[in-house]
Structures are given as structure tokens and as C-alpha cells.
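Before any comments, here is the structure.
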Protein chains: 2
Amino acid sequence: MTAERTTADTLAKTLRDAIIRFSRRARQARPVGDLTFSQLSALTSLQLAGALTPRELADMERVQPPTMTKIVGKLEERGLVARTPHPTDGRQVILAATDEGRAIYALHERARNEWLAVQLDRLTPEERETLARAAEILQRVARG
Amino acid sequence: MTAERTTADTLAKTLRDAIIRFSRRARQARPVGDLTFSQLSALTSLQLAGALTPRELADMERVQPPTMTKIVGKLEERGLVARTPHPTDGRQVILAATDEGRAIYALHERARNEWLAVQLDRLTPEERETLARAAEILQRVARG
DNA sequence: CACGATACTTAGCCTAGCTAATGAGCATGG
DNA sequence: CCATGCTCATTAGCTAGGCTAAGTATCGTG
């Protein structure tokens, strides 16, 4: 009981510290295509959705529009994402992954030699299952 | 089988995206004492260890020494951490939490009205257990 | 006691967030 | 039919948090 209570009380702290340290470690080993986490995540969303406006992408990624402008700017510089004008609304812009962007995404999806993938391979199947479930919970918490 | 294989293949991506979105969401709701994650994490390590040199703290937090200099600088400005000279080695410095720092830490440890704690309270016990286990795994991965 | 190694900091750079302000385009009410 | 107000994206400017490289002081040793 006491142990359970303590666990619940300190879970926020434990989780926060674990995540920040994990993030720092993972950042050092730049993933596929020398893209940052933010860039990779935005590219993933775009790839899955097909095409989005900056506003939609920002909402999906849980950032403010100006932040997304920056991230998309970087991706566009590298030719991974293209901006095209909206057909009927001159204010909006349509974002979509280019062929090269799709190639990077595909590479990333099964980059088994990448740092994180290697780490995950070393875990037991049960541990991977735990992480998969935790990822789903974290997404849900972020959404709420 | 196929599903398992796919899960293993895409876990890296899933986990990365979940963590980045969670982090962004959590950052918006600044935790206790208006401290950032980095500052809170450093304060936690210091608190648990009692006293550390900047190098030790940097190693523990998985950052480079100059980064820790900055973080400690912020904490010192707020009077949460004190630098004292090392008794025998003039090059080194001893970092320790001040009384105020310990108070903030204690507050943080059971801040059940904080955004993240509230979110966690809404989960089922099984989900919290999953997150607790995942936190341990992430720490281990970050260490390796 | 000079010289290399170590500890911390400083300097300078980048990414990634944010808010506030700007400018362009849409839509609507008189 | 156009003035006015809203929405969308971007720009400007700020902060935090990373990094490497260089600087400075101190230690320890040959």
C-alpha cells in the first residue's frame, strides 16, 4: 500500500526525469538523414496525412504555428517538404512530403542500425511491449 | 508474427514521436516553482546525492559540463542551489541544494495539483504501472 | 619548479519553443 | 460593392537548453 502510494506520488517526477535524460541521450545520436526529432516527427505526420496546412500540422505536433513555420522551413531547405498554394484560399498553404522526403521517411521507418533501434533490439520482448504501451499512453496524455 | 515484427520495426519511431509530443505538451504547463524540466531534474539529482561537483552532476544528467554550468547558474540565481569551494582542490566546486531548494523539491515531490500529476491520476493503476516500468527502461537505455 | 592534465567557465553557435506584431486574403453586413 | 473585421501564415524578437572550442586556474608529477 505504502509502496503503491509512494509510486503514484513520485511517478510524475520519475517519468519526467527519465524522459528528459532519454531525450538528451537520443539527441546526441542524430537519427536518420541528420534530421532532428522535431523535423522527423513533422515529416512523419505529413507523410501519414498526405497533405496538411501549417496550422493543421502545428496542431497535430502540439506546437504553435510560428514554431511549425521554422521546422517546415528547415525541411523545405533540404528539399524534403514542398509548399504549394491552396487552390481556393490564398491565405493558406499546402504542405506535402517530396519524393525525397518520402524516401527519408521510409528509410527511417526501418532503420535498424540507428542508435535507438539498436538499443531497443537489446531489450526483451516484454520490455519492448511495455514501451509500446507507454508510448500510446503518453500520446493520449499529450492529446488530453 | 507480422504484427510483432512491424511493432518492433516501428517502435523507435512511435516512441520518439510520443516522447516529443508529450514533452511539448508538458512544457506548456510549467511545473512547480516555475522551473523547467532541466532545472528540476538537476535539482532532484542534487537533492538525492546531497552534494556533487558540476562534472558529477553533468554526468548524471547526461549533459556536457558547459550545459550544466548554465543550468546551475539559473538555479543559483533563484537561490535554490549554492556553490561552495572544494575543501582541498581549488579547481573543483561543490554544489548543494539550499534550504529553499529543498523546499521546492519537497513541494514538487508531492505536487498532486500539478498538470502531469493530474493527468497521471486519471489513468488506471495498470497504466501508471506501465509508465513506471517504462521510465525505468528509458533510464537504463539513456545510461547505456 | 615547469609542464601536462584536470575542472570549471566563457564564448559563440544552433535548435526549439513561445508571444506579439505584420501582411495578405477572405467574407460579410450595410 | 466595399469597408471592416477575421483568419492564416510569417516575421521579429525573446528565452532555454543543447553543443564544441577556447580560456583560466589549479593540481600533481617528473
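For the numbers below, each heavy atom of this structure counts, side chains included, while hydrogens, waters and symmetry mates do not.
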Closer than 3.5 angstrom, by distance alone: can the side chain of [X] be matched with the main-chain N or O of [Y] as a donor-acceptor pair?
X: A:Thr14; Y: A:Thr10; value: yes
X: A:Arg128; Y: A:Leu123; value: yes
X: A:Arg16; Y: B:Ser41; value: no
X: A:Thr98; Y: A:Gly79; value: yes
X: A:Thr124; Y: A:Glu127; value: yes
X: A:Arg25; Y: B:Arg143; value: no

query: In Å and rounded to the nearest 0.5 Å, what is the OG1 to CZ distance from B:Thr69 to B:Arg55?
result: 10.0 Å

Linking I/L/V/M/F/W/Y whenever any side-chain heavy atoms sit under 4.5 Å apart, do [X] and [Y] land together?
X: B:Ile94; Y: B:Val81; result: no
X: B:Ile104; Y: B:Leu95; result: yes
X: B:Tyr105; Y: B:Leu75; result: no

Criterion side-chain hydrogen bond (donor to acceptor under 3.5 Å, both in side chains) against A:Glu136, the qualifying member of A:Gln139, A:Arg133, A:Arg140: A:Arg140

Listed pairs, N/O of protein and of nucleotides 23-26 of chain D, under 3.5 Å:
residue, atom, partner, partner atom, Å
D:dT26, O3', B:Gly90, N, 3.4

Calculate the interatomic distance between [X] atom [atom1] and [N] atom [atom2]; express it in whole Å.
X: A:Glu76; N: D:dA9; atom1: CD; atom2: C1'; result: 13 Å
X: A:Met68; N: D:dA9; atom1: CE; atom2: P; result: 12 Å
X: A:Leu57; N: D:dT10; atom1: CG; atom2: P; result: 11 Å
X: A:Leu95; N: D:dC8; atom1: CG; atom2: C1'; result: 12 Å
X: B:Leu43; N: D:dA16; atom1: CG; atom2: P; result: 17 Å

field: Heavy-atom contact window of chain A on DNA chain C, given 5' to 3' at under 4.0 Å
entry: C:dT15 to C:dC26

Under 3.5 Å, which N/O atoms of the protein pair with N/O atoms of nucleotides 18-20 of chain D?
residue, atom, partner, partner atom, Å
D:dG18, OP1, A:Arg24, NH1, 3.1
D:dG18, OP1, B:Ser38, OG, 3.1
D:dG18, OP2, A:Arg24, NH1, 2.9
D:dG18, OP2, B:Ser38, OG, 3.2
D:dG18, O6, B:Lys70, NZ, 2.4
D:dC19, OP2, B:Gln64, N, 2.9
D:dC19, OP2, B:Thr67, OG1, 2.7

task: Looking at every strand, decide which applies to A:Glu56 at a 4.0 Å heavy-atom threshold: base, sugar-phosphate, or nothing.
output: nothing

